[in-house]
Amino acid sequence: MHGIINRALELMVIQKFGEEFWDKLKEEAGIRLNGEFLVTEFYSDESTYKLVVAATKLTGLKMEQILELYGEYFYEYSVEFGYFNLLRVLGKNPADFLMNLDTMHLALARVYPPLMPPLYTCEKLPNGDLTLYYFSKRANLEPIAVGLIRRTIKELFGISVEVTVIQKRADKGYCKLLIKTLNIDDTLHGDVDEDDMVFECLCPAKQPRMINPMTFTHVLPFHIIFDRDLRVQQCGLGLLRKVPHLLNKDIQLNQVARIVRPNILLNFEAIQEHMNSVFLVTITPTAGLSFRLNGQMIYLLDNDLMLYIGSPYVVDLSDLHMKGFQIADLSLHDAKRDFILAAETFEEERVLLKKLEDLTSAMQRASKELSREKAKTDRLLFDILPRPVAKELKLGKIVPPQRFESVTILFSGIVNFDKFTQHCDATHAGLEIVNLLNKVYKALDSLLDPTRNPEIYKIETIHDNYLCVSGAPEPTLFHAKRAARLALDMMDSLDDIGMSGSAVKVRLTIRTLDISRSKSKL
């Protein structure tokens, strides 16, 4: 999948469910990603499918619902990404718009060569509805098209539509959609087609409607006219230079040409069923490299022939040269000339965009790492110092000295700890001592839960000694009672911890006195 697809999915999830949910979704899908998805990168289809499956588990929605939501959001993302101007000029009504989707996809495929967008063919129905044929190499993604088309028609034309899947073959990547308006006053076909009336005004019946074939072959150097038997009746000079034997009566067009898009065989009837599609055709000459033409099929009713008007399908100047073409091979009116020249500048911009995305991603990773380290520092600071003091120091403030009239100190130590350390096995002495202290400290720390022993602050642990205070830094009238209660809990909590074959015993000292806290600064 192209990075645009995954990035849009990421932003949709964050917008609708939050960033924490997105992190859970990646974890559920087993996706390890540093930073965000990059729009200049390509990712495996498997990773995208895993994210969708994980979303169904965490949200409880069906996969079709998730994909339709994504399709609706993708219109919003496309607009933000800068494609609004392109979308709004594809057609003056929904029918024209859908008929030109393939044109847009082919243009995007030139910009992002590995891109494999779906194919669309649109047909107008007599009752005003539309039939849309959807073809994709990826199975079960048609709900995206449902949501995307519904949202796009609503936003661009102000028409609410119902999009229904009426036929599907997942193994072939084929789907047939019915599009109908929810308001009987809306029309998907636009105004009545006046092309025929205009043509009659410009070309009266008595006036000859002819063009010299030689002029035609110069103006359209890559056109082909062929009959139902796929015999080429006429072709442009540019194509004839590349395939000299194309006009040979013994040669059929399917011997030197293959239709890449739409995904159909090269035969007259199949082409007639896809007249609204953009045709990408591969030409394989007997000598030299094969090349592709991109263009339109037109049925010549008067002669029962098919006219293909195309031009070389190339990405940039180097591709043009590699295929054996020159700029001069393109007609002066062919916009492909401007596109190829502009592509050189765009490629530089694309490289810069990729570098910018890589830099942004690296900065995001560094920012997250910094946040994690800062959180560790904050936890350490709050463990070492009283919370009110730590908050002041984090803000860079000077903490003024305070005097407490009366507080209670609790001091504990393990009985016979020095003898225990002396008699430990020399080989494992360090480990035994650390394990013992770790168990004792964990047991005592658990007693400092505010719901169990409130208004107690742990000052320090040194060797086997544990020091706590009550009445500071938060004053309380019940400091002696709090310390005494903690002392009793300490005695009970160590019964299950053994030392030298018997339970650990602690020595407890409690004293009430005044203390001062000196001036400090972080």
Side-chain angles (χ1 to χ4, degrees), residues 1-81 83 112 114-118 134 136-152 154-155 161-165 168 170-171 173 175 177 357-358 360-376 378-379:
M1 290 284 186
H2 192 275
I4 290 177
I5 305 299
N6 287 11
R7 176 60 176 159
L9 179 61
E10 177 182 353
L11 291 177
M12 183 199 76
V13 172
I14 293 174
Q15 182 187 93
K16 295 184 179 296
F17 303 102
E19 195 158 350
E20 290 185 5
F21 184 89
W22 172 245
D23 292 334
K24 291 180 182 178
L25 182 62
K26 289 189 294 183
E27 184 178 353
E28 175 69 26
I31 303 296
R32 294 182 179 180
L33 183 68
N34 292 323
E36 61 188 30
F37 282 109
L38 304 181
V39 298
T40 55
E41 293 291 339
F42 284 82
Y43 301 90
S44 67
D45 290 358
E46 182 183 7
S47 63
T48 308
Y49 280 109
K50 283 183 177 179
L51 288 169
V52 174
V53 172
T56 61
K57 289 183 180 179
L58 296 181
T59 62
L61 298 174
K62 295 181 179 179
M63 182 175 292
E64 292 79 6
Q65 294 174 304
I66 294 288
L67 293 176
E68 281 194 31
L69 280 175
Y70 173 75
E72 292 186 355
Y73 176 80
F74 194 75
Y75 170 82
E76 181 180 330
Y77 176 75
S78 300
V79 170
E80 292 180 358
F81 203 70
Y83 286 108
Y112 308 106
L115 192 67
M116 294 188 299
Y134 166 93
S136 176
K137 294 184 178 180
R138 301 179 175 94
N140 301 316
L141 294 183
E142 66 279 351
I144 297 178
V146 172
L148 178 59
I149 291 168
R150 184 170 57 223
R151 175 74 182 276
T152 302
K154 177 66 176 176
E155 296 294 336
V161 298
E162 178 183 48
V163 184
T164 309
V165 177
K168 176 181 176 181
D171 58 323
C175 185
L177 306 174
E357 278 200 326
D358 292 341
T360 301
S361 179
M363 291 179 64
Q364 288 178 340
R365 291 195 298 270
S367 178
K368 288 185 178 180
E369 186 64 27
L370 179 61
S371 297
R372 285 193 291 267
E373 293 301 320
K374 187 174 181 296
K376 291 179 183 178
D378 290 345
R379 286 196 299 270

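Reckoned from all heavy atoms, side chains included, excluding hydrogens, waters and symmetry mates.
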Does any part of the side chain of Tyr77, heavy atoms only, come nearer than 4.5 Å to the side chain of Ile4, both counted from C-beta?
yes
Decide yes or no for Met12 and Glu76: does some side-chain heavy atom of the first lie under 4.5 Å from some side-chain heavy atom of the second?
no
Working note: Lys50 + Glu46, criterion salt bridge (charged side-chain N to carboxylate O under 4.0 Å, His left out); need CA distance, chi angles, decisive distance, verdict.
CA-CA 6 Å; Lys50 283 183 177 179; Glu46 182 183 7; 3.5 Å; yes
With side-chain contact (heavy atoms from CB on, under 4.5 Å) as the criterion, how do Val165 and Tyr134 come out once you've worked through the C-alpha distance, each side chain's angles and the decisive distance to 0.1 Å?
CA-CA 10 Å; Val165 177; Tyr134 166 93; over 6 Å; no
Say you draw a straight line from [atom1] of [X] to [atom2] of [Y]; how long is it, rounded to the nearest 0.5 Å?
X: Asp45; Y: Ile5; atom1: CG; atom2: CD1; value: 10.0 Å
X: Tyr49; Y: Leu141; atom1: OH; atom2: CG; value: 3.5 Å
X: Thr56; Y: Ile66; atom1: OG1; atom2: CD1; value: 7.0 Å
X: Ser78; Y: Arg151; atom1: OG; atom2: CZ; value: 10.5 Å

Partners of Arg150 by side chain to side chain donor-acceptor pair (under 3.5 Å), sequence neighbours excluded?
Glu68, Glu72
For residues [X] and [Y], report the shortest heavy-atom separation together with the two atoms involved.
X: Leu69; Y: Lys16; answer: CD2-CE, 4.4 Å
X: Val53; Y: Met63; answer: CG2-CE, 3.7 Å
X: Ala55; Y: Leu25; answer: N-CD1, 3.2 Å

Ring geometry between Phe74 and Tyr70 (parallel below 30°, tilted from 30 to 60°, perpendicular above 60°):
tilted
Output all residues satisfying ring-ring contact (aromatic ring centres under 6.0 Å, His included) with Phe37, sequence neighbours left out; order by chain, then residue number.
Tyr43
Pairing residues for Tyr73 by the ring-ring contact (aromatic ring centres under 6.0 Å, His included) criterion, not counting sequence neighbours:
none
Going by the salt bridge (charged side-chain N to carboxylate O under 4.0 Å, His left out) test, which pairs reach into residues 55-64, not counting sequence neighbours?
Glu28-Lys57
Do other residues, nucleotides or ligands put more than 12 heavy atoms under 6.0 Å from the [atom1] atom of [X]?
X: Glu27; atom1: CD; value: no
X: Arg372; atom1: CZ; value: yes
X: Lys26; atom1: NZ; value: yes

Working for salt bridge (charged side-chain N to carboxylate O under 4.0 Å, His left out), residues Lys376 and Glu373:
CA-CA 5 Å; Lys376 291 179 183 178; Glu373 293 301 320; 3.5 Å; yes
Working note: Leu67 + Glu142, criterion side-chain contact (heavy atoms from CB on, under 4.5 Å); need CA distance, chi angles, decisive distance, verdict.
CA-CA 8 Å; Leu67 293 176; Glu142 66 279 351; over 6 Å; no
Under the salt bridge (charged side-chain N to carboxylate O under 4.0 Å, His left out) rule, collect the residues that match up with Glu80, sequence neighbours excluded.
none
Restricting to pairs with a member in residues 4-13, which pass side chain to side chain donor-acceptor pair (under 3.5 Å), not counting sequence neighbours?
Asn6-Thr48, Arg7-Glu10, Arg7-Glu36
